[in-house]
Amino acid sequence: MDQLIQETKLSNEEIFTVLNQFITEVIGEEFVEEMDITPASSFTKDLEMDSIEIVAFSEKVKAHFGENIDFTGWLSNMDLDEIIQLKLENIINYIRECQ
Amino acid sequence: MPVIALPNIRLHVQELNPGGRETIILVHGMFSNLAVYYFNIAPILARQYHVVLYDMKGHGMSEKAVQGYGLTAMTDDLTALMDSLGIEKAHLAGYSYGGLVALKMATRFPERINKLAVIEGPDPSDQETLAIIDTYSKEFLIHYIDNFADTTRMKAGRRQLEKNHRMYEFLFKETSIRSDMEAEKDFFRDDSISQISSDTLLIYGQNSNCVPSGRILASKIENSELLLVTGDHNVPVQQPEIIGNELYRFFYKSRELDFYETNLLINS
């Protein structure tokens, strides 16, 4: 049983690949080509995403990982400074914990 | 992302808690988008309510339109959206120009509006925005971001600068937005404002230039209360939790309950 659960969980790298794809869809391939997206990338400073782009990204996360992951609820507990400093790895860890 | 095709326009819409007790529709301001509510204010209201957020035409992820930015056209869009979602009656809250859209709804379609909240709705006879449109340039945008964007604590990078510049160029030069806004300059002097009978909450930032506009509305709308909170015109970004909680308290309380009873109910 433990083995089965283990197999269905995505690794950090797999989650990163999915999120990377969402970011590309939201901000466009031509911009992503110029960037070096890593788990340490921050949404606003490094990726230059604005709030409506983070909305689009959130909707993709919800649609992909299911309603069990309350991504908007998790974000809504943060103040603006925390959202500005949010890094991709924070989201990867949150999704992994929810699995 | 949900985009709803209305007869005249395709609008980006987000819904929270569709099973909520009543519906609250939130209208954003000019040159903004639904993200102003999405992260904090909407989730607070969605604890009990069905919350609907949408991007106005030409804004956010909604379809671009070359005309129809006046209050009549904007309220036609909102009515079509309510019809499309099967919402007969809703509470309505609007910020800045969205506050004027909310007021216009209450004057045109009072039977479809329950309570009304106006956040930082500006008197359109003060045509400061038009002066900005007339003198707009990319240099202005860079100057504005460098000097004033601290109030929202968002520093825009090159891609965002280009994206915003494209939006302003489109809205200012290719659409009727300027003349549509100018045509609304007498809206606060319209008799229909005094005839609004909905319970109305007017929220303004105490350091905002728009406070006199709030006082005008408070004097004209019979069932209104004016609430000043710490902040300026950007108060939904500066104080999202306070705005969310005040809206929640306002929509939740019934006329029969006094303030303290409502507090007890909310906190229990």
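Note on naming: letters A, B, ... go to the chains in the order of the sequence lines (proteins, then strands), and numbering restarts at 1 for each one.
When all heavy atoms of Ile37(A) and Phe16(A) are compared, the pair lying nearest together is O-CZ, 3.5 Å. Between Leu53(B) and Ala42(B), the closest heavy-atom pair is CD2-CB, 3.8 Å.
At a 4.5 Å heavy-atom cutoff, Lys45(A) makes no contact with chain B through either its backbone or its side chain.
A side-chain N or O of Thr23(B) and one of His50(B) form a donor-acceptor pair less than 3.5 Å apart.
Relative orientation of the Tyr49(B) and Phe251(B) rings is perpendicular, given thresholds of 30° and 60° on the angle between their planes.
Heavy-atom pairs under 4.5 Å with chain B were tallied for Asn77(A), Leu75(A), Thr72(A); the largest tally goes to Thr72(A). Of all the listed residues (Ala63(A), Ser58(A), Gly73(A)), the one sharing the greatest number of non-hydrogen pairs under 4.5 Å with chain B is Ser58(A).
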